[in-house]
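What follows is a single structure, written as structure tokens, with notes after it.
Excluded from the calculations below are hydrogen atoms, water molecules and symmetry mates; all remaining heavy atoms, backbone and side chain alike, are included. Counting starts at 1 for both ligands and their atoms, in listed order. In this text, all values refer to a predicted model and were calculated from it rather than measured experimentally.
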Amino acid sequence: MDSIKIFAPATVANVGCGFDVLGFCLDTVGDIMRVSKSTRKGIRITAIDGFDLPLDPKVNIAGVSALALYRSLDLDFGFDIEIQKRIKPGSGIGSSAASAAGSVFAINQLLDKPFSATELVKFALKGESMASQSEHADNLAPALFGGFTLVKSINPLEILKLPYPEELFAVIVHPQIEIKTADARSILPKTVSLEDAVVQWSNLGSLIHGLHTSDYGLIGRSLQDVIVEPRRSQLIPNYNVLKTTALSQGALGTSISGSGPSIFSLCQGEATAKAVASAQHEIMVRSDVPFQTYISKINNEGFKILS
Ligand code: HSE
């Protein structure tokens, strides 16, 4: 195989109480990337469609990860990368992670898979951390492993893939304002009270248990974030009304996707997901903020090979 076309999925990081450690992978939203072997050594970004992003691989997220992988090997050929960027940068659904992980996933396929998913996360972290000025793998892990993932540790890198119940659907509302991850991190407190920490780890433990035991009620009751959401929700127009509307339509829980501005809800079944999306749509059309909504099953595969 000399060339590969892939679907690079969007992802939801944090999932309420799991700041920087928990994430899940979406099915219906993502970029398209083509990576081809070239007789010329090195990594080149040959085209980017959709958004105005740099072609220089040293400052392009997909290029930085690809270079990290490439430099770990001694190859006498190189790779050309084309990106059809569909996930808006600064959307909160893992735009940078899709690019950072996409280039290394595709190159690994073209090389006959010398690297494990965990090793690919390590290379992709180089691109992701350049983008957000911090090291977190809670978007990269679900993109590369699929499903729900828990980043147990960044150093050494240890990622756990979690089970989840079959009927879980995600609804995403993306108000199209840009929130840079670095900015959304800069407003977070450096320390938290013991009281808040107890609530947060109780919720995270319970959420993981709910995912393991397919306990939808427990999943819903655990989707609470007392540390990050109170600060970041202030950056998102209509956040409170979008959240209460989703809950009144039967969502199990609603919170900020990654560093925002996207908002995710988890729902049991597609009918509830559609009701939540439609009620949130009504609210957004009445505001003057352009937006998109998505309904997605959890994507257990992660990256998909298209051809
Ligand atoms: N965990 C990261 C954050 C995800 O919330 O800052 C960024 O997408």
Side-chain angles (χ1 to χ4, degrees), residues 8-26 29-31 51 61-62 64-65 85-102 121 124-145 148-155 157-160 162 170 172-192 196 200-201 203-204 207-208 223-236 239 253-264 294 296 302:
T11 44
V12 171
N14 300 336
V15 200
C17 48
F19 179 69
D20 271 4
V21 296
L22 195 59
F24 66 82
C25 189
L26 295 169
V29 200
D31 297 339
F51 294 94
I61 296 166
V64 169
S65 324
K85 197 80 197 136
R86 298 288 176 261
I87 316 171
K88 188 175 184 291
S91 57
I93 47 172
S95 178
S96 53
S99 296
V121 171
L125 261 173
K126 301 286 180 209
E128 176 75 317
S129 53
M130 179 191 73
S132 64
Q133 293 151 40
S134 62
E135 279 219 319
H136 56 87
D138 49 343
N139 290 105
L140 296 171
L144 282 159
F145 283 74
F148 273 79
T149 53
L150 182 78
V151 181
K152 190 199 170 299
S153 145
I154 280 273
N155 194 10
L157 194 57
E158 186 174 352
I159 293 158
L160 311 176
L162 306 171
I172 308 291
V173 191
H174 172 205
Q176 301 210 334
I177 55 167
E178 183 176 346
I179 296 182
K180 290 197 167 66
T181 297
D183 295 341
R185 293 179 83 86
S186 72
I187 62 167
L188 298 180
K190 296 283 171 278
T191 56
V192 298
D196 281 351
Q200 199 84 354
W201 61 53
N203 279 322
L204 181 57
L207 177 54
I208 305 284
L223 281 168
Q224 314 277 353
D225 167 15
V226 295
I227 296 173
V228 177
E229 185 194 47
R231 276 85 180 182
R232 286 184 172 171
S233 58
Q234 294 164 19
L235 305 175
I236 303 173
Y239 181 77
T254 298
S255 194
I256 302 169
S257 176
S259 53
S262 288
I263 299 164
F264 79 93
Y294 309 99
S296 174

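Taking both residues in full, the closest heavy atoms of Pro175 and Ser262 are given as CD-CA, 4.1 Å, listed atom of the first, atom of the second, then distance. For Arg231 against Val226, the heavy-atom pair with the smallest separation is NH1-O, 4.1 Å. The shortest non-hydrogen separation linking Val121 to Ala141 is CG2-CA, 4.3 Å.
Using a 4.0 Å cut-off to heavy atoms of Arg185, the atoms of ligand 1 that qualify are 1 (N), 2 (C), 3 (C), 6 (O). Below 4.0 Å from some heavy atom of Arg232 lie the following atoms of ligand 1, by number and element: 3 (C), 5 (O), 6 (O). Annotation for ligand 1: atoms under 4.0 Å from non-hydrogen atoms of Thr181 are 6 (O), 7 (C). Atoms of ligand 1 found under 4.0 Å from any heavy atom of Phe19, numbered from 1 in the order shown, are 3 (C), 5 (O), 6 (O).
Among all non-hydrogen protein atoms, the one lying nearest atom 1 (N) of ligand 1 is Asp20 OD1, 2.5 Å. Atom 4 (C) of ligand 1 has His136 CE1, 3.6 Å as its closest protein atom, hydrogens excluded (heavy atom only). With hydrogens left out, the protein atom closest to atom 8 (O) of ligand 1 is Asn139 OD1, 3.0 Å, a heavy atom.
Side-chain contact between Ile256 and Leu235 is absent, with no heavy-atom pair separated by less than 4.5 Å.
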- Test side-chain contact (heavy atoms from CB on, under 4.5 Å) on Glu128 and Thr181 and set out the steps. CA-CA 11 Å; Glu128 176 75 317; Thr181 297; over 6 Å; no
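Using cut-offs of 30° and 60° on the angle between ring planes, the pair Phe264 and Phe24 is perpendicular.
Residue-level proximity to ligand 1 for Asn14 is carried by the side chain, the only part with a heavy atom below 4.0 angstrom.
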